[in-house]
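Each remark here refers to the structure printed beneath this line.
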Amino acid sequence: LTQPQWGAYYHFVIDALTRVMWVYKQHPQVMKDDKTLFHVGMVNQVGQAWARIVGIETSMEDEKNRLLDGWWRAKTVYFPPGNACANNKRGAQLLAVEGMQTAAEKYISSTMPESRHTSGAPILLIVQRDKR
């Protein structure tokens with residue numbers, strides 16, 4: 001998902017992670033393979049949590065981490081479509097955003113006790129941005 005702005009939260013979520021949906025759609029077996037790694041701009045705990053929300057099984061533990069940054073070589077590379085800049089009033093494609101929403105709803109439903117979430121009820125996800 002080589003469209004990272006290293007450490008930039010917004011770009012990680014809307015630019016890199018929405019591209020995961022294209023990989024899901026076109027190559028679902030690649031997403032399920034625990035040897036598949038994802039080149040993104042944020043590999044810390046926040047990045048790991050968001051990756052899990054969209055369906056990437058990953059963790060900070062060395063052997064389970066599937067997120068990469070920096071320079072890498074690979075034998076096989078998948079290049080999902082890029083996202084247009086949101087500053088030009090375009091942004092990520094609707095299919096990718098809807099896919100990300102579906103993945104987030106599935107994750108939240110699977111991790112939230114039934115007593116706190118009624119299946120089919122709307123879910124509100126609040127993203128609080130740093131004032132920097």
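These numbers come from the heavy atoms of this one structure, side chains and all, not from hydrogens, waters or symmetry mates.
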dist L67:CG -> I56:CD1 (nearest 0.5 Å) comes out at 6.0 Å

Rounding to 0.5 Å, atoms CZ (R66) and CD (Q48) come to a distance of 10.5 Å

Side-chain contact, heavy-atom cut-off 4.5 Å: M21 with K25? no

Fill in: E57, CD: over 12 other non-hydrogen atoms inside 6.0 angstrom
no

Rounding to 0.5 Å, atoms OG1 (T36) and NE2 (H27) come to a distance of 11.0 Å

Note: D69 and V40 closest approach over all heavy atoms is CB-O, 3.4 Å

Fill in: Hphob cluster co-occupancy, V46 + F12, side-chain heavy atoms under 4.5 angstrom
yes

Got a donor-acceptor contact below 3.5 angstrom from the Y24 side chain to the G55 backbone?
yes

- May I have the step-by-step check of side chain to side chain contact (heavy atoms under 4.5 Å, CB included) for R52 and T58, ending in yes or no? CA-CA 6 Å; R52 287 190 299 275; T58 186; 4.2 Å; yes

Rounded to the nearest 0.5 angstrom, the CH2-CD distance for W50 and Q45 is 15.5 Å

Value for CG (D34) from NZ (K64), rounded to nearest 0.5 Å, stands at 10.5 Å

Of all heavy-atom pairs linking M31 and V20, the shortest is CE-CG1, 3.3 Å

message: Hydrophobic clusters here meaning ILVMFWY residues chained together by side-chain heavy-atom distances under 4.5 Å, can you tell me if V54 and V30 are in one?
response: yes

Exercise. Checking side chain to side chain contact (heavy atoms under 4.5 Å, CB included) for the pair I53/M100: CA distance, chi angles, key distance, verdict?
Worked result: CA-CA 9 Å; I53 288 171; M100 191 172 170; over 6 Å; no

